[in-house]
Number of protein chains: 2
Amino acid sequence: MGQPIRYSHQREAIINFLKTRKDHPTADVVYNNIKQIIPNISLGTVYRNLNQLADAGVILRLACDGKTDHFDGCSTPHCHFMCKTCGAVKDIDINPIDKLLNSAQTNTDDTIDDVSVLFYGYCKDCK
Amino acid sequence: MGQPIRYSHQREAIINFLKTRKDHPTADVVYNNIKQIIPNISLGTVYRNLNQLADAGVILRLACDGKTDHFDGCSTPHCHFMCKTCGAVKDIDINPIDKLLNSAQTNTDDTIDDVSVLFYGYCKDCK
DNA sequence: TTGGGTGCAAATCTTTTGCAGGTGT
DNA sequence: ACACCTGCAAAAGATTTGCACCCAA
């Protein structure tokens, strides 16, 4: 088991911020926005909280481009889209997740318990 | 258009190495293996070539864990599986890619041209 | 000959971590 | 009080890049 999670002003602000965003910001974007509310918050704290929340399943960590993780305040599994030009990440409103998991599990000896579906392309503004 | 790509011993060795592997090694693993063939190759050269080849569509770049990219010598779209314990990445033999692309494209105004499907779980040896 | 390619090392960027002090319960 | 949390700054990793030289075409 992990350690108990206690209340903290910083963590609360991070969760609330993520829930207001439809895009899926990087740790750095979270940091810069939270700084406007808690000016002396540190980047390390932002990372610690994002990791803790992702590990606890409260938020989702998205590996979009192998460089910088993005975070999603909604932890229900769903599909994402990333624009190759501007880097924006957004939700895609289709839900093949359960079907994919079943189909994959029948084809392997490994134990599958999660899947990430990420579309790439060009968004309206960049095409 | 990108620049013309010329022959190089190093690039050739990298492509050949990737094609012999069923797993999908990181840049660092590629570097350490290629060094046994070309002892004085540099890590920078490995990165430059992997990026160049991925951009040209010759190989696939896989963002598996947000830390380190993995590279796949087979550029045909297919699904992957990553073990949460040992970090091994392997192919999954199902092919929902075309269906996913169609289904997503009908649900968005953005232009979709690619998708990455990555399953997570525990492999036979780690479960 | 020329422009891409390379090795090397320094630089950059992202993320983690040790530490001393702060705070929720 | 006790454990968890934080800010700070240094450390650790991963990847990129500037530069001078090399080599394929």
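Reminder, nothing fancy here: chain letters follow the sequence lines and each chain counts from 1. Computed from heavy atoms alone, side chains included, the values below leave out hydrogens, waters and symmetry copies.
Considering only side-chain N and O atoms, A/Ser42 lies nowhere under 4.0 angstrom from the phosphate OP1 or OP2 of D/dT6.
The base of C/dG18 lies close enough to the side chain of A/Arg48 for a donor and an acceptor atom to sit less than 3.5 Å apart.
A/Asp55 places its CG atom 14 Å from the C1' atom of C/dT15, with the value rounded to the nearest Å. Atom CZ in A/Arg11 sits roughly 12 Å away from atom P in D/dG7 (whole-Å rounding). Protein atom OH of A/Tyr7 is 14 Å distant from nucleotide atom C1' of D/dT6, rounded to whole Å. Atom CG of B/Asn51 is separated from atom P of D/dT15 by 9 Å (rounded to the nearest Å). Between the CG atom of B/Asp69 and the C1' atom of C/dT14 there is a distance of 13 Å, rounded to whole Å. Atom P of nucleotide D/dA9 and atom OH of A/Tyr47 are separated by 18 Å, given to the nearest angstrom. D/dA3 atom P lies 17 Å from atom CD of A/Gln52, rounded to whole Å.
With no hydrogens or angles considered, a side-chain donor-acceptor pair links B/Asp110 and B/Thr108 at under 3.5 Å.
At distances below 3.5 Å, not a single donor-acceptor pair connects side-chain atoms of B/Arg61 with backbone N or O atoms of B/Leu50. Side-chain atoms of B/Asp23 never come within 3.5 Å of backbone atoms of B/Pro25 as a donor-acceptor pair (strictly under, hydrogens ignored). B/His24 places no side-chain N or O within 3.5 Å of a backbone atom of B/His70 that could act as its donor or acceptor partner.
Remark on DNA chain C: of its neighbouring residues B/Gln10 and B/Lys67, the 5'-side contact belongs to B/Gln10, judged by nearest-heavy-atom nucleotide. Positionally, the nearest nucleotide of DNA chain C for A/Thr26 lies more toward the 5' end than for the other of A/Thr26 and A/Ser8.
Heavy atoms of A/Leu43 sit under 4.0 angstrom from at least one base atom.
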